[in-house]
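Note sheet for the following structure.
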Amino acid sequence: MEAKKERDCNFVTDLTLGLVDTLRGVGGVQDVSVLVRGGVERASVVAWEQRHNVALPAALRALYTATDGFKLTWNYATAGKVLPLGNMEIHPLGRVNRLGSGRGSGDPLAPSITDLALAEDPPSPAEHPQHRPGGSRPPLTPPPTFHSSKMFEVDSCQGFGRVVVAYPGRGETFPEGSYWFIDLSLRPHQLAPDTHTFWRLMLAHLGMPQWQALVAGLGLTPWARQWYEVVAGYLLDGPRPPRTSQAQEIVNKLDWSVFKNKKTHKIKIAKDPAKDAAKDSPKDVTTKDSPKDAGKIKE
């Protein structure tokens with residue numbers, strides 16, 4: 001049992017690049033929960049690719065063979081209340097559907113092909129919020145278009161948009177397998193050119209509310225901005241240039257091929273030491289941690 005606990009903790013530590021330990025040190029953060037499922041069989045990944053006639057990015061394919069999706073959540077305690085705040089997620093492979101296969105009829109969270117066809121064309125560079133005076137990012141690659149590109153949703157962004165993996169159509173030049181944020185007006189905004197960059201951005205922003213919109217240069221709602229100022233105000237300063245002393249080739253990258261986890265489980269840091277003797281269950285095991293009792297594991 002102790003070996004299994006250590007293996008599970010090491011798996012989460014490696015997968016999150018130590019983020020769970022970092023969150024433990026943030027005042028007010030508690031109830032960190034990581035959901036890790038059993039990996040998808042390689043045959044199922046190939047079947048998904050054949051059905052959609054695309055090849056998953058190599059890093060994303062490796063992630064799914066290690067764990068069928070990912071979800072990390074945490075709460076924040078303030079004024080005598082505990083509020084759900086942090087959330088980062090990658091859909092299970094079975095929920096990675098092509099954008100445009102939803103219910104439609106004007107539903108921005110599940111647009112149909114007709115809804116996408118009626119959506120306005122992306123704004124010109126002069127009109128794009130990222131290119132206006134004071135914009136936070138330089139000009140980007142021309143975005144995908146709904147009538148030509150293939151886009152697959154990997155995160156629903158808690159209802160205020162979606163993150164998609166996009167594949168270029170004829171005449172489009174953006175990187176294959178790049179990540180884009182689709183806002184509720186169905187406008188695409190580039191987040192990252194590849195899976196490694198997207199994963200690091202997600203972890204660096206701690207799963208804070210609307211972090212995708214912040215990275216895309218769209219700004220935050222007043223409610224979200226207030227929480228950034230309370231929890232992680234440094235994220236509002238914008239991207240920082242890399243240290244000149246740090247060579248590009250030594251920047252660490254996550255290698256999902258080393259993960260061979262096969263069972264579905266949640267990993268929890270228990271609050272109550274008296275519950276630490278619970279027996280293993282074949283069902284999901286949730287790992288939570290609290291500032292008072294970080295390091296205890298409940299299965």
Side-chain angles (χ1 to χ4, degrees), residues 16-20 22-23 25-29 32 70-76 78 83-91 99 108-109 122-123 125-144 151 153-166 174-175 178-243 251 254:
T16 63
L17 302 180
L19 178 62
V20 172
T22 299
L23 287 172
V26 178
V29 173
V32 179
F70 172 80
K71 188 176 182 67
L72 186 154
T73 59
W74 51 269
N75 301 332
Y76 192 81
T78 181
L83 305 174
L85 195 63
N87 183 85
M88 55 186 74
E89 181 176 3
I90 298 292
H91 288 334
L99 197 62
L109 299 181
E127 297 174 346
H128 198 288
Q130 296 177 14
H131 303 157
R132 293 172 186 164
S136 60
R137 303 182 68 182
L140 300 175
T141 303
M151 300 183 232
E153 180 183 315
V154 294
D155 182 10
S156 58
C157 302
Q158 297 182 290
F160 68 90
R162 73 205 57 234
V163 172
V164 299
V165 178
F174 63 86
S178 55
Y179 288 73
W180 298 75
F181 173 66
I182 309 297
D183 62 28
L184 293 181
S185 64
L186 302 179
R187 300 288 181 85
H189 311 272
Q190 189 177 21
L191 292 177
D194 53 52
T195 301
H196 285 293
T197 304
F198 173 77
W199 191 264
R200 292 176 65 87
L201 281 171
M202 180 175 68
L203 297 179
H205 286 79
L206 312 179
M208 290 288 290
Q210 302 175 21
W211 72 265
Q212 300 91 342
L214 180 65
V215 172
L218 301 179
L220 301 168
T221 62
W223 172 85
R225 177 171 288 274
Q226 179 181 10
W227 280 113
Y228 275 81
E229 292 174 348
V230 171
V231 180
Y234 63 91
L235 293 174
L236 297 176
D237 297 335
R240 297 184 175 128
R243 296 191 298 269
V251 175
L254 185 60

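Nothing fancy with the numbering, it's 1 onward along the sequence.
Looking only at side-chain heavy atoms (C-beta outward), V215 and F181 stay at 4.5 Å or farther from each other. The side-chain heavy atoms of F198 and I90, taken from C-beta on, include a pair separated by under 4.5 Å.
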List the steps and the verdict of side-chain contact (heavy atoms from CB on, under 4.5 Å) for V165 and Y179. CA-CA 5 Å; V165 178; Y179 288 73; 3.5 Å; yes

Checking side-chain contact (heavy atoms from CB on, under 4.5 Å) for the pair Q212/D155: CA distance, chi angles, key distance, verdict? CA-CA 10 Å; Q212 300 91 342; D155 182 10; 3.1 Å; yes

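For T221, the side-chain hydrogen bond (donor to acceptor under 3.5 Å, both in side chains) criterion is met by Q210, not counting sequence neighbours. Every residue meeting the side chain to side chain contact (heavy atoms under 4.5 Å, CB included) condition with N87, not counting sequence neighbours, appears here in chain and number order: K71, T73, E89, Q158. For E229, the side chain to side chain contact (heavy atoms under 4.5 Å, CB included) partners two or more places apart in sequence, or in a different chain, are R225, L236. Under the rule for a side-chain hydrogen bond (donor to acceptor under 3.5 Å, both in side chains), H205 has no partner lying at least two apart in sequence or in another chain. Residues satisfying the side chain to side chain contact (heavy atoms under 4.5 Å, CB included) criterion with T78, sequence neighbours excluded, are Y76, L83, W227. For A204, there are no side chain to side chain contact (heavy atoms under 4.5 Å, CB included) partners at least two apart in sequence or on another chain.
Of the inter-residue distances, the one linking L203 atom CG with T22 atom OG1 reads 9.5 Å to the nearest 0.5 angstrom. Here the straight-line distance linking atom CZ of F70 with atom CE of M202 works out to 5.5 Å at 0.5 Å rounding. Atom-to-atom distance recorded for L23:CG and N75:CG is 11.5 Å, nearest 0.5 angstrom. The distance from the OG1 atom of T16 to the CH2 atom of W199 is 8.5 Å, given to the nearest 0.5 Å. Rounding to the nearest 0.5 Å places CG of L206 at 10.0 Å from CG of L72. Interatomic distance, F160 CZ to L184 CG, rounded to the nearest 0.5 Å: 8.5 Å.
W223 and P209 make their closest contact through CZ3-CB, 3.5 Å (heavy atoms, listed as atom of the first residue, atom of the second, distance). Looking at every heavy atom in both residues, P188 comes nearest to P144 through CG-O, 3.6 Å. The two residues P142 and W180 make their nearest non-hydrogen contact at O-CH2, 4.0 Å.
The backbone N or O of R187 lies less than 3.5 Å from a partner atom in the side chain of H189, making a donor-acceptor pair. Although no hydrogens or angles enter the test, the distance criterion places no donor-acceptor pair under 3.5 Å between the side chain of W211 and the main chain of M88.
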